[in-house]
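Working notes for the structure below.
First the proteins, then the strands, lettered A, B, ... as listed; each starts at 1. Predicted model, so just to flag it, every value in this text is computed and none were measured.
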4 protein chains.
Amino acid sequence: MTIEFDNNLPIYIQIMNYIKGEIVTGKLKPGDKIPSVRELASDLQINPNTVQRTFQELERETIVETRRGMGRYVTSEEGRIMTIKKEMAKDVLDRFIRGMRELGFQGEDIVAAVAESVGHEDAEKGDV
Amino acid sequence: MTIEFDNNLPIYIQIMNYIKGEIVTGKLKPGDKIPSVRELASDLQINPNTVQRTFQELERETIVETRRGMGRYVTSEEGRIMTIKKEMAKDVLDRFIRGMRELGFQGEDIVAAVAESVGHEDAEKGDV
Amino acid sequence: MTIEFDNNLPIYIQIMNYIKGEIVTGKLKPGDKIPSVRELASDLQINPNTVQRTFQELERETIVETRRGMGRYVTSEEGRIMTIKKEMAKDVLDRFIRGMRELGFQGEDIVAAVAESVGHEDAEKGDV
Amino acid sequence: MTIEFDNNLPIYIQIMNYIKGEIVTGKLKPGDKIPSVRELASDLQINPNTVQRTFQELERETIVETRRGMGRYVTSEEGRIMTIKKEMAKDVLDRFIRGMRELGFQGEDIVAAVAESVGHEDAEKGDV
DNA sequence: GTGGTCTAGACCACC
DNA sequence: GTGGTCTAGACCACA
C-alpha cells in the first residue's frame, strides 16, 4: 500500500480520503479490520501520531469504530457508507461545477468538456 | 463586492481566484484598472497585507502589471489571458475526474452525474 | 444479563460498578456465590482477562472473597457493604454538585433541577 | 489562571470543561478573544499540542471559532451557548440520577440527599 | 498486541 | 504574532 502525497494537503486528510475511497469502492467491506496505527505508519513511512489523527477523524465521521484493545473496524452500517459516498460525490461535483462557472463555462459546455476529457483518459489509459 | 471565504484555503488564493475569474470571464478586460490595495482591503474587510500578497502573486503569474504611481492593471496581452483560462479549466477538470474515479465512478457515470447536476442548478436558479 | 458499555470508561470498571450495584441493592446478598470468570465472560461477550481484572479489583476492595476451589462469594460482612454504599453515594453526589456549580447553578437551582428530573423519569418509565 | 488536573481524565478534556464553564457562566462572553495556544500552554505549564487539541475539540463543537492568523474567539451565537449549557447540565444530571438509581436510591431519597448536601456545602463554604 | 495521551521541538502558512 | 501540521519518542491502560 502506497500513497503519493501531495504537499498542499495535510497528510492525514490524504490518508482519510484514501481509506474512504477503499471503503466506498468496496475494497474494504463493512466490519473489516483496519490496519493498526503502528502498522499503517510503518507501511506509509510516516509518524504514528499522524495515522492516529487520521483514524480519529474517520471515527468522528462514524466511518470507523474502535473496539478497545482489539483494533479498528469499518463501520458495519452499510447505510452510513452509502451516505458517505453520496456526500463525497456531491462535494467533488459541486466544487467542480462552481469552478467551471467561475471560469465562465455554461451548462452544456461543462458536460461536453467532461465527456471529452473522460474519452481521452479512457483512450490513453495509464495514470488512473 | 463580497466573497464567501472557505476556511480551508488561504484567503489570498481565494481572492486570486476571484479576480482571475473576473478577468477570464471578461468582467475585467485587458488593460482595465484594478482596485487599489487599500480599497479592496476595506471592501472585503481583510488585512491589507493579504491583498498585497494577492497582487504580488497575480503579478508573478503576469496576469496583472503595475504602472508606477498609477496603480495596477489587467495585462493587455489577450493571449496570456486565454492561456490562464485553459490552465485553470484543465486543473479544475482533472481534479474532478480524479476525484470521481477515486470514488469508483466510471466514464459514463461521471458524464451523467455532471449532466444531471448541471440540469438541477439551472432549474433552481441562474446565478453564474 | 447485559450491560451497555460506555466507551469512555474501562470495561472492567463498568462491570465492577454493575456488580457493586447488585450487591448494594441487595440483589446479590452477603455470602452469595458470584458467577465464574468464564461464565461471566461468555455472558457479556468480553475477554476473560477483563472479567479477571474486575474480580481482582473487587477483592482488593474486600467486597468479594475467593474460597479456594469453590469460586467467589460476596463478602459476608454486612458493615462492609454499607460502607461501600455510602462511599459510592458520596462520590456520585459530590461529583454532581461540583459539576452543577461549574455550570453556574446555585444551591436551590440544583435541588429544583433534580426534583424536576426525577419527576420526569418516574413519569416516563420505571426502570430503576 | 490555574486548573487542578485530575489524573483520571485527559488534560485536554479538563481544559475543555474549564473553558466551557467560563463561557457558560458568562466569564467569557460571545465574541471574546481566547488566549492563544502558546499563551495558555505556558500559563498552565503544559505542552502547546495539548492546548491545540483542546481548541480543536471546542471548535468542532462550534463553541469557538478561529480567525486565521488572528487567534480564536468565543462563538458570537448566544443560542449556541445556551444549548451547550443545557446539554452539559442534562449530562451531569442524567449521569447523577442514573448513578443514584444503580445504588438503589429512589426519587425522593435522591432529592433529599441533594438538598442536604447543598445545605452542608453552603454552610461550610470553602472547597467550592 | 491495541489505541490514547502527552511532551518536546520543529517548520510552515497566514495575517 | 497566530494557528496547523508533523516528527520522535515516551508512557499508560486495556483486552
Checking side chain to side chain contact (heavy atoms under 4.5 Å, CB included) for the pair C:Met88/C:Asn17: CA distance, chi angles, key distance, verdict? CA-CA 9 Å; C:Met88 290 178 79; C:Asn17 285 337; 4.1 Å; yes
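- One finds no side-chain N or O of D:Arg68 lying less than 4.0 angstrom from the OP1 or OP2 phosphate oxygen of E:dC14.
- Remark: C1' of F:dT7 and CZ of A:Phe5 are 14 Å apart, rounded to the nearest angstrom.
- Between D:Asn49 atom CG and E:dC11 atom C1' the separation is 13 Å, expressed in whole Å.
- Remark: C1' of F:dG3 and CD1 of D:Ile34 are 13 Å apart, rounded to the nearest angstrom.
- In terms of position along DNA chain F, the nucleotide closest to D:Phe55 lies nearer the 5' end than the nucleotide closest to the other residue of the pair A:Ile46 and D:Phe55.
- Counting only residues at least two apart or on different chains, the side chain to side chain donor-acceptor pair (under 3.5 Å) pairs with a member in residues 46-56 of chain A are A:Tyr12-A:Arg53, A:Arg53-A:Glu57.
- For the pair D:Arg72 CZ and F:dG1 P, the interatomic distance rounds to 17 Å; values are reported in whole Å.
- Whole-Å rounding puts the A:Ile3 CD1 to F:dC6 P distance at 12 Å.
- Rounding to the nearest 0.5 Å gives a distance of 6.5 Å between CD1 of A:Ile46 and CG of A:Leu40.
- For A:Thr62 and A:Arg80, the side-chain atoms include at least one donor-acceptor pair closer than 3.5 Å.
- Put simply, CD on A:Gln56 is 13 Å from P on F:dC6, counting in whole angstrom units.
- The base of F:dG3 sits with one of its N or O atoms less than 3.5 Å from a complementary donor or acceptor on the side chain of D:Arg38.
- Between B:Thr50 and E:dC14 there is no side-chain polar atom (N or O) within less than 4.0 angstrom of OP1 or OP2.
- Under a cut-off of 6.0 angstrom, the local environment of CZ in A:Arg60 is crowded, with over 12 non-hydrogen atoms contributed by other residues, nucleotides or ligands.
- Across all strands shown, F:dT2 pairs with E:dA13; the Watson-Crick or G-U wobble distances both stay below 3.5 Å.
- Counting distance only, with no hydrogens placed and no angle test, the side-chain atoms of A:Asn47 and the base atoms of F:dG9 include no donor-acceptor pair under 3.5 Å.
- When rounded to the nearest whole Å, the span between CD of A:Gln52 and C1' of F:dG9 equals 15 Å.
- For F:dA15, the OP1/OP2 oxygens have no side-chain nitrogen or oxygen of C:Tyr12 closer than 4.0 Å.
- The 5' end of DNA chain E is approached more closely, in terms of each residue's nearest nucleotide, by D:Gln45 than by the other of D:Gln45 and B:Arg53.
- Among the protein residues, D:Ile11 comes within range of the sugar-phosphate backbone only, with heavy atoms under 4.0 Å from sugar or phosphate atoms but none that close to a base.
- Distance CD (A:Gln14) to P (F:dT5): 12 Å, rounded to an integer number of Å.
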